[in-house]
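Numbers here are sequence positions counted from 1.
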Amino acid sequence: MRTTRSVPARPALIAALALATAGSLLLTPGAAGADQKPVTREGPAVDDRAAQAPASATRRALTEDVPTGTTTRAYPRRLVLSPDPENPGDKSLKLGLTPYHAIAPELNALQRLGDRVSVEVTGRSAGGHRLYLVTVTAPETTRQARAQERMRELIRDAPAAAAKSREIKRDYKTPVFVNNNIHGNEWEGTDASLRTIERLATAKDAKTRDLLAHSRLYFNITANPDGRIAGTRANANGFDLNRDFVTASQPETRAMRQIELGTQPAVLLDLHGYVNGTLIEPTTPPHGENYEYDLFLKNTYANALGMESAVNALGYTPAKDGVEAAQIPFRDQEEGWDDWPPIFTPQYAAFHGTVAAHTVEIPLAVNNEEYDELPVPELRRRSAINTAVAGAAIGATLAHVREHRGTLITDQIEVFRRGATGAAQVPVSAQTVPGVPGIGPEDVYTTRFPRAYVIPAGDARTQRSGPAAARLVDHLIANDVRVTRATHPFRLAGRTYPRGSYVVDMHQPKRGMANVLLADGRDISGKVSVMYDISGWSLGRLWGATVERVPSGSLRGAPLRAIGEAAPVARVPAHGDLRLRLTDPREIAALNSLLRQGVAVRRADDGSVVVPASARRAARTAARDHDVSFTATRRTGTAPLHRLRVAAAVTPGELFALREMGFDVTPVSTAVLNAGFDWSGTDVLFVSAGLEHADLTASARQALDAFLDGHGLVGRGATGAALNAAAGRLAVKPVEGNADANGVVKVTNTGGITRGAPDHGFVYAPLWFTDPGPGVRVEQSYATGNPLVAGHWRPLPGGTGGPAAAAGQASVVSGEHTVLFGTEPLFRDHPKGEFPQVARALFTVAHSASVKESG
């Protein structure tokens, strides 16, 4: 809790944000903040809505390429955009805002206003819509543009030299990134940016000319066109893009990531809604321990004050307009709006050198029930106010950049210098961050960076690292983390590593990015009472690769070569039958591709599968397409496998992960079953959300029960466990833990379903199983002691539901062609190393059920 302040403390955030949705159905302006509904970034702790995303959106997300770089060109860069078909159903129209189909013509018109505006297409959304980046700056020749690129690279790659560069101090243009509409039904940032671009394109005043001569301003016009059109928070795949930065599963996220890597912004705004009064970060504790938080807080707080002043200066009041005064969580709140995880746009940007980054939540709600129930004039009144507020925040930020560009770039250089030299972090205090009120010990979060991480080669004979290590290495590189590979065996900190091992030297400019991805994380349950979203996410523990933390040692003289991508894994022996392990989602996808072709694949008793020599050509294609390795085997295998048709009432992340593994999935829900679902084309049912047995009609319930009598069921979480009980399958007692808990947990794997799985899992609203009846097998259990490795998991007020209650209890159980998960092995498409558990469960229960039925 905050212990010192220069202003009176407001109530804790959870109470204060009862005003956040500004969604009263009363029409008087003063009532806009009266609706006492809490606001969170995620909504309910448990997602109970079944995903319905089309398979085409998944395919597009998995195949959409984001441009990784272009030849340096002069500014302006002219691009005439073809128009999109007019869409009268675009949800923006009701609010008097710019519909998506009007954006391309408007951008064409803005480019014609002069020589300051350039437009580029950075990719396409999961729904197939173009993503537009607008750059506003003074004209540059090709030579000048190349000089900017060279200086940007010097800042990142040679920060010590950059700190002394007179050219950078004199000529470098400060990069500023304004991100809009990442949540599709938080619209107005797009319109505020379009208005700002129009003003900047033609303004003749000295301040604008100075700003554009010394800055490049980048506007991501709509980060989520799918959601903008449909009026949904998520994209066409059902993903909240502001939770996807660690995983980057969606093309929109990858496009934003590439903008940040390509522009290296010193300042970032991410425009959201709706919190009344306008919420302007920096945040409450806990603060990301891998940031250079002293530099981040210094600049972010200073810019927040300017935005606060500009927003309040608009003159809106609670009595006249229903608009409360702006608030800065760091100063005004105790906890509940943190910057701990790097899944949010501003927090992710901090790892790429952004020293002032803000979520800005504009005040008056116009989405969800307000959109459906308020009269159009009231909605448009609110949207006009929101657009003005967003515009004021942008304007104040640009003024701050013009006045403080030297400090911003100096501090960005210092971020990279500390990383490159292995310098210690600087804890925040009144002395290290002067001018920021209320800094206390509760704000101090630092970490000790290791000397290196090593990702060992997986096969000592072939020096092949396996698909998990290759995927992890490629992901690190995609996030601008430098990775090397050993050309010969080497010793580090008393251990010998084989040739082919990957090494992440933590003396690098973006060490924070490397560490936040690979480190275990921290148990912060005792630090704060509530968190805003996930609190643990370790790729080192959850992505299936072996990752070794090396605290100290010297890499001098080590035979390491910098790489731009992981070494290929694909391999198929020239002779004999083939064995494919099933310990990675890429291997599952390869298996499913073979099954789709009718290849006679058989299960082996060690959990792998056997592919006949006659299918070698198909195996070579699968190995190449999925980058997996087959080995020669003399095993004959046991039961044959067949292609699975899965009916799934699951969350968006789970649906996406199933399709990523190549399963043929049909989304279902209570409503779908009640409408009359044909079960004849289904082999197995997977349920975690949106299917309630008690809410089914009599005929739908009868059809479901008949299907379950002869087919497999995989359940996850409370919804899956409830269906299991209603259908009378496994005799177990599900116990629900604290629904607000989440994080990385230590587990013990004991069954065939979890064979080869990592010894860590992920939980979100954890569940466990007790009192197993006859025939119930424990596949996995939470570790004894405290199973939580990193995250936030407290007992409930009565002392139940905490990690101590879960310790040693079953987390995955099976039996009678049923498997139940208490963990989250597919959460938001993130914990890649956990995916095969679900795949094994689906194959096991479907095939055991078919064997029983045929027998």
Side-chain angles (χ1 to χ4, degrees), residues 135-138 155 168-169 172-180 189 192-193 195-197 199-200 203 205-220 260 263-272 278-283 291-314 325-332 339 345-347 349-350 352-362 388-415 433-437:
T135 304
V136 184
T137 192
I155 288 170
I168 289 175
K169 185 175 182 180
Y172 186 60
K173 290 186 172 183
T174 307
V176 180
F177 182 25
V178 180
N179 199 47
N180 303 294
S193 284
R195 292 184 185 182
T196 300
I197 294 165
R199 179 182 63 79
L200 294 171
D205 61 285
K207 289 184 178 180
T208 299
R209 290 197 303 270
D210 180 60
L211 173 71
L212 299 184
H214 294 93
S215 308
R216 282 185 182 173
L217 314 177
Y218 302 98
F219 296 85
N220 194 20
E260 292 189 21
T263 66
Q264 203 165 284
V267 178
L268 179 143
L269 293 185
D270 198 31
L271 294 170
H272 287 254
T278 302
L279 183 146
I280 303 169
E281 292 182 344
T283 73
Y291 307 138
E292 303 303 323
Y293 191 64
D294 61 315
L295 303 174
F296 186 84
L297 177 60
K298 164 192 169 183
N299 291 287
T300 303
Y301 189 79
N303 191 42
L305 291 176
M307 284 192 279
E308 177 187 42
S309 178
V311 168
N312 289 342
L314 293 173
Q327 55 186 303
I328 299 174
F330 183 92
R331 181 194 65 196
D332 299 333
D339 61 359
T345 315
Q347 283 64 52
H352 295 296
T354 304
V355 293
H358 313 259
T359 294
V360 176
E361 299 273 355
I362 53 182
V389 169
I394 297 171
T397 295
L398 299 185
H400 183 84
V401 168
R402 189 182 67 82
E403 296 167 8
H404 300 283
R405 57 178 171 259
T407 298
L408 292 166
I409 296 304
T410 295
D411 287 347
Q412 183 179 76
I413 292 171
E414 174 63 8
V415 169
V433 194
V436 178

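Relative ring orientation between F330 and Y301 is described as perpendicular, the plane-to-plane angle rising above 60° on a 0-90° scale split at 30° and 60°.
Using a distance-only test at 3.5 Å, with no hydrogens or angles considered, a donor-acceptor pair links the side chain of H358 to the main chain of E281. Between the side chain of Y291 and the backbone N or O of D339, at least one donor-acceptor pair lies under 3.5 Å. Under the 3.5 Å distance criterion, the side-chain polar atoms of H404 are left unmatched by any main-chain donor or acceptor of H400. Side-chain N or O atoms of N180 include one that pairs as donor or acceptor with a backbone N or O of N220 at under 3.5 Å.
Taking 4.5 Å as the limit, some side-chain heavy atom of P175 sits within range of a side-chain heavy atom of Y172. At a threshold of 4.5 Å between non-hydrogen side-chain atoms, the residues D270 and Q347 do not count as touching.
Annotation for R195: atom CZ does not count as buried by contact number, only 12 or fewer foreign heavy atoms lying within 6.0 Å.
A salt bridge is absent between D205 and R199; no separation between the charged side-chain nitrogens and carboxylate oxygens falls under 4.0 Å.
E260 pairs by the salt bridge (Lys or Arg N to Asp or Glu O under 4.0 Å) definition with nothing, not counting sequence neighbours. The ring pair (Phe, Tyr, Trp, His ring centres under 6.0 Å) check on Y293 picks up H287, with sequence neighbours excluded.
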Could you walk me through whether V355 and F296 pass the side-chain contact (heavy atoms from CB on, under 4.5 Å) test, one step at a time? CA-CA 5 Å; V355 293; F296 186 84; 5.6 Å; no
